[in-house]
Amino acid sequence: MKILNRVLDCLFPNDIKCAFCGEDLEFSNRYCTCQECLKKITFNNGKMCQKCGKPLINHTCVNCLHTKHFFKLARAPLVLDGIVRKAIHDFKFNNLSSLATIFAEYMYDEYSHFNVKFDAIVAVPLHVTRLKKRGYNQAHELVKALNKRIKLEDLSDCVIRCKNTVSQTGLNRDERVSNVSSAFKVVDNKFKGKTILLVDDVVTTMSTVNAVSKVLIESGTSSVYVLSIAHG
């Protein structure tokens with residue numbers, strides 16, 4: 001009987017809660033998201049910039065028209081608003097690193113649209129000071145969760161954040177670009193000729209992921225693609 005109960009617990013687990021509202025899920029799903037919250041999530045699957053994936057009306061956003069991007073393409077499955085914004089905030093600042101497993105499911109769906117053969121995966125690094133304070137790098141938590149599915153070589157430790165930049169929140173585009181200028185460095189070059197999947201939690205002006213992509217390309221990387229949870 002005990003063995004049977006364990007099997008039933010695996011097949012029909014109890015106490016499964018929605019990742020966004022915390023309510024019990026009547027039926028579990030791989031997104032751990034209830035039907036009501038699914039209705040509140042804005043998926044980034046409409047018209048978007050063909051380069052950075054920003055939701056918009058035209059084919060290319062103003063930022064991409066006037067900026068040299070070192071990444072090939074950037075995509076995110078969700079839009080940064082409402083319950084998604086709150087969940088990502090909790091993920092980053094309220095010690096809810098476990099949400100990485102849920103976010104990775106949404107990211108995996110977007111990843112499957114790339115149709116690219118990747119050689120390795122890299123998380124946007126945190127400066128050691130912020131890493132010690134937070135206790136984890138949210139981007140690397142996403143990499144570890146996503147990599148259970150896609151199983152790429154994890155080269156996150158080969159890139160560091162050598163400048164302790166201020167938070168990008170509240171900065172305009174030019175300030176963001178200046179803030180992350182020369183902030184990243186390759187410390188163990190294993191990138192030559194490789195196609196890299198670069199992972200971050202959210203993207204807005206693309207300044208952070210572009211700065212990381214720049215050092216990767218300068219280190220001999222063949223191409224960089226960016227994947228995040230949400231686009232702001």
Engineer: Regarding E218 and K214, does a basic nitrogen lie under 4.0 Å from an acidic carboxylate oxygen?
Structural biologist: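 Yes, charged N to carboxylate O under 4.0 Å.
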Engineer: Stepwise, does the side chain to side chain contact (heavy atoms under 4.5 Å, CB included) test hold for H113 with R75?
Structural biologist: CA-CA 9 Å; H113 297 153; R75 290 292 183 266; over 6 Å; no
Engineer: Side-chain contact test, heavy atoms from C-beta onward, threshold under 4.5 Å: evaluate it for I150 versus L197 and give yes or no.
Structural biologist: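 Result yes, sub-4.5 Å side-chain heavy-atom pair found.
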Engineer: Report the C-alpha distance between V224 and F70 in whole Å, list the side-chain angles of each, state the deciding distance to 0.1 Å, and finish with yes or no for side chain to side chain contact (heavy atoms under 4.5 Å, CB included).
Structural biologist: CA-CA 7 Å; V224 179; F70 292 89; over 6 Å; no
Engineer: Contact between V159 and L216 at the side-chain level, heavy atoms closer than 4.5 Å - yes or no?
Structural biologist: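 Yes, their side chains come closer than 4.5 Å.
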Engineer: Within the structure provided, determine whether H231 and C52 are in side-chain contact (heavy-atom separation under 4.5 Å).
Structural biologist: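 In contact.
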Engineer: Are side-chain heavy atoms of C158 and V122 found at a separation under 4.5 Å?
Structural biologist: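 No. Closest side-chain heavy atoms not under 4.5 Å.
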Engineer: Would a 4.5 Å heavy-atom cut-off, applied to side chains only, mark N63 and M206 as touching?
Structural biologist: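 In contact.
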Engineer: Which pairs, with at least one residue in residues 95-105 and sequence neighbours excluded, count as a side chain to side chain donor-acceptor pair (under 3.5 Å)?
Structural biologist: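 Sorted result for residues 95-105: R30-E105, E105-R149.
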Engineer: State, with a plain yes or no, whether a side-chain heavy atom of L38 is found less than 4.5 Å away from one of Y31.
Structural biologist: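 A side-chain contact is absent here, since even the closest heavy-atom pair is not under 4.5 Å.
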Engineer: How long is the span from the CD1 atom in I121 to the CD atom in E153, to the nearest 0.5 Å?
Structural biologist: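 Between I121 CD1 and E153 CD, I get 11.5 Å after rounding to 0.5 Å.
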Engineer: Within a radius of less than 6.0 Å around CD of Q35, do more than 12 heavy atoms belonging to other residues, nucleotides or ligands occur?
Structural biologist: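 Open: at most 12 neighbouring heavy atoms sit under 6.0 Å from CD of Q35.
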Engineer: Below 4.5 Å, heavy atoms only, C-beta onward: do K163 and K185 meet side chain to side chain?
Structural biologist: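 They are not in contact (no side-chain heavy atoms under 4.5 Å apart), so the answer is no.
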Engineer: Do D200 and V212 come within less than 4.5 Å of each other through their side chains, counting heavy atoms only?
Structural biologist: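 Not in contact.
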